[in-house]
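Below: one structure, written as structure tokens.
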Amino acid sequence: MATAQELTKSALTKIESQQCSPTQTTQAGSKGSSQTKNQEIWELVNRAFTRLEAIYPGTWRRAFSTPDMVKLAKREMGTSMAKWSTLPTTKSLDAALERIKDEGGEWPPSVARLIASLRPQPEDFGMPNVEVAFNEAIQNAQNPGGHKWSHAAVREAGQAAGWFDLAQASSESRIRALRSIFRKHYYAVVNRVMAGGQVEARALVGNDRQLTPAQIAERNGRESAQQRAEDAGIPSSMSSEQGLRSLRAALGGR
């Protein structure tokens with residue numbers, strides 16, 4: 001049976017024969033930008049491993065018993081980080097390592113757990129985590145315009161998921177389905193913000209050429225009805241059914 005050292009060398013040989021590099025998984029861009037990201041990745045990886053070796057002096061050598069094992073772990077971590085839309089800052093990396101240290105364990109974390117711990121989170125960019133964001137959206141879906149949102153990303157994802165659907169959801173199965181829909185839209189916004197983009201998907205704003213005639217007519221009708229309701233003094237927090245009844249009453253039953 002092969003020893004751990006022989007298995008490690010075999011894995012490294014296979015990876016190097018495939019010329020595996022974090023740069024290969026970097027998003028499309030200039031060669032220079034890929035090289036810059038690759039350099040940033042390895043600086044972060046080396047910083048993490050240097051700190052972990054200092055945090056776990058008694059067990060580090062047993063967890064990573066040979067230089068080849070350290071090299072393989074670093075390569076695995078770097079390859080994963082290259083797929084992220086953004087890299088952790090030095091500050092957020094150090095904060096993640098502090099959280100690991102505060103847990104008080106005697107052994108360094110596995111590579112998989114380390115990768116998960118270092119991956120940038122919405123909170124690192126001032127956005128709430130997805131569960132907090134969903135709860136905020138569903139609790140304020142009746143009147144999204146009157147709520148002061150914790151972050152514009154929550155409002156954007158709520159709008160994409162559909163305020164009406166969020167406001168009307170009552171059964172556990174429907175809320176569960178909407179949570180999944182909201183999660184998809186929220187992470188799309190989060191990833192866009194992490195990559196340095198805007199909260200709003202600007203390419204979709206105000207471009208009627210991307211809508212069918214039926215969609216334009218439906219939107220115009222909805223906006224017209226909303227304006228007539230506002231002119232009649234109907235609160236925006238009413239449900240659509242309540243608003244329709246009130247609007248008909250205000251118009252003399254028409």
Side-chain angles (χ1 to χ4, degrees), residues 1-29 31 33-133 183 186-187 190-191 193-196:
M1 180 178 294
T3 65
Q5 185 173 358
E6 289 171 340
L7 289 172
T8 302
K9 285 185 175 294
S10 175
L12 279 171
T13 301
K14 183 177 180 181
I15 289 173
E16 289 168 352
S17 68
Q18 295 171 342
Q19 295 182 333
C20 180
S21 166
T23 306
Q24 290 184 320
T25 55
T26 301
Q27 296 295 322
K31 183 178 180 181
S33 63
S34 295
Q35 290 175 340
T36 298
K37 182 174 182 179
N38 198 52
Q39 181 61 32
E40 291 174 356
I41 287 170
W42 288 117
E43 288 176 359
L44 291 168
V45 169
N46 287 328
R47 182 182 184 88
F49 274 72
T50 298
R51 285 208 57 192
L52 286 170
E53 186 172 5
I55 294 169
Y56 301 97
T59 54
W60 179 261
R61 294 294 180 185
R62 280 181 278 171
F64 300 96
S65 57
T66 68
D68 281 345
M69 289 186 70
V70 175
K71 183 179 178 181
L72 184 60
K74 286 185 174 182
R75 187 181 292 272
E76 194 67 33
M77 183 174 165
T79 299
S80 293
M81 291 175 71
K83 299 175 183 177
W84 298 349
S85 60
T86 190
L87 297 175
T89 63
T90 300
K91 182 178 179 180
S92 66
L93 181 142
D94 285 342
L97 293 176
E98 285 298 319
R99 288 193 293 270
I100 292 172
K101 183 171 69 174
D102 289 343
E103 292 174 1
E106 295 181 0
W107 285 84
S110 67
V111 174
R113 180 167 170 248
L114 181 60
I115 290 170
S117 299
L118 297 183
R119 185 165 191 159
Q121 299 299 315
E123 299 94 311
D124 297 330
F125 291 79
M127 295 174 281
N129 68 52
V130 65
E131 288 303 320
V132 172
R183 182 187 296 270
Y186 188 61
Y187 277 128
V190 167
N191 287 335
V193 172
M194 285 182 173

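Because only heavy atoms are used, hydrogens play no part in the values below, and waters and symmetry mates are left out as well, while side chains stay in. The structure displayed is predicted, hence computed values, not measured ones.
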Donor-acceptor check, side chain of Ser117 to backbone of Ala96, threshold 3.5 angstrom: yes or no?
no
Work out which heavy atom in Ser92 is nearest to a heavy atom in Pro88; give both atom names and the distance.
OG-CB, 3.4 Å
Can the ring centroids of Trp60 and Phe49 be said to lie less than 6.0 angstrom from one another?
yes
Side chain to side chain contact (heavy atoms under 4.5 Å, CB included) for Glu43 and Thr90? Distances and angles first, verdict last.
CA-CA 9 Å; Glu43 288 176 359; Thr90 300; over 6 Å; no
Is there side-chain contact between Trp84 and Ile41, with heavy atoms separated by less than 4.5 Å?
no
Measure the spacing between CZ of Arg119 and OG1 of Thr86 and express it to the nearest 0.5 Å.
11.0 Å
Test item: side-chain donor near acceptor, Gln35 and Gln39, under 3.5 Å
no
Determine all donor-acceptor pairs shorter than 3.5 Å in which one atom belongs to a side chain in residues 122-130; sequence neighbours excluded.
from	atom 1	to	atom 2	distance (Å)
Asp124	OD2	Gln121	N	2.9
Asn129	OD1	Glu131	N	3.1
Asn129	OD1	Val132	N	3.0

Please examine the side chains of Leu118 and Met77, heavy atoms only from C-beta on, and report whether any two atoms are closer than 4.5 Å.
yes
Give, for atom CZ of Arg47 and atom CG of Asp94, the distance between the pair rounded to the nearest 0.5 Å.
4.0 Å
Within the side chain of Lys37, is there an N or O that forms a donor-acceptor pair under 3.5 Å with the backbone of Ala82?
yes
Going by the rule side chain to side chain contact (heavy atoms under 4.5 Å, CB included), which residues pair with Glu40 if we only count those two or more places apart in sequence or in a different chain?
Thr36, Leu87
Once you round to the nearest 0.5 Å, how far does CG of Leu44 lie from NZ of Lys74?
12.0 Å
Side chain to side chain, Ile100 and Ile55, heavy atoms closer than 4.5 Å:
no
Rounded to the nearest 0.5 Å, how far apart are CZ of Phe64 and NZ of Lys71?
15.5 Å
Assess the residue pair Glu98 and Arg51 against the criterion (side chain to side chain contact (heavy atoms under 4.5 Å, CB included)); give the C-alpha distance rounded to whole Å, side-chain angles, the decisive distance to 0.1 Å, and a yes or no.
CA-CA 10 Å; Glu98 285 298 319; Arg51 285 208 57 192; 2.7 Å; yes
Of the non-hydrogen atoms in Arg62 and Gly58, which two are nearest, and what is the gap between them?
NH2-O, 3.2 Å
Report yes if the side chains of Leu52 and Pro109 come closer than 4.5 Å at any heavy-atom pair, otherwise no.
yes
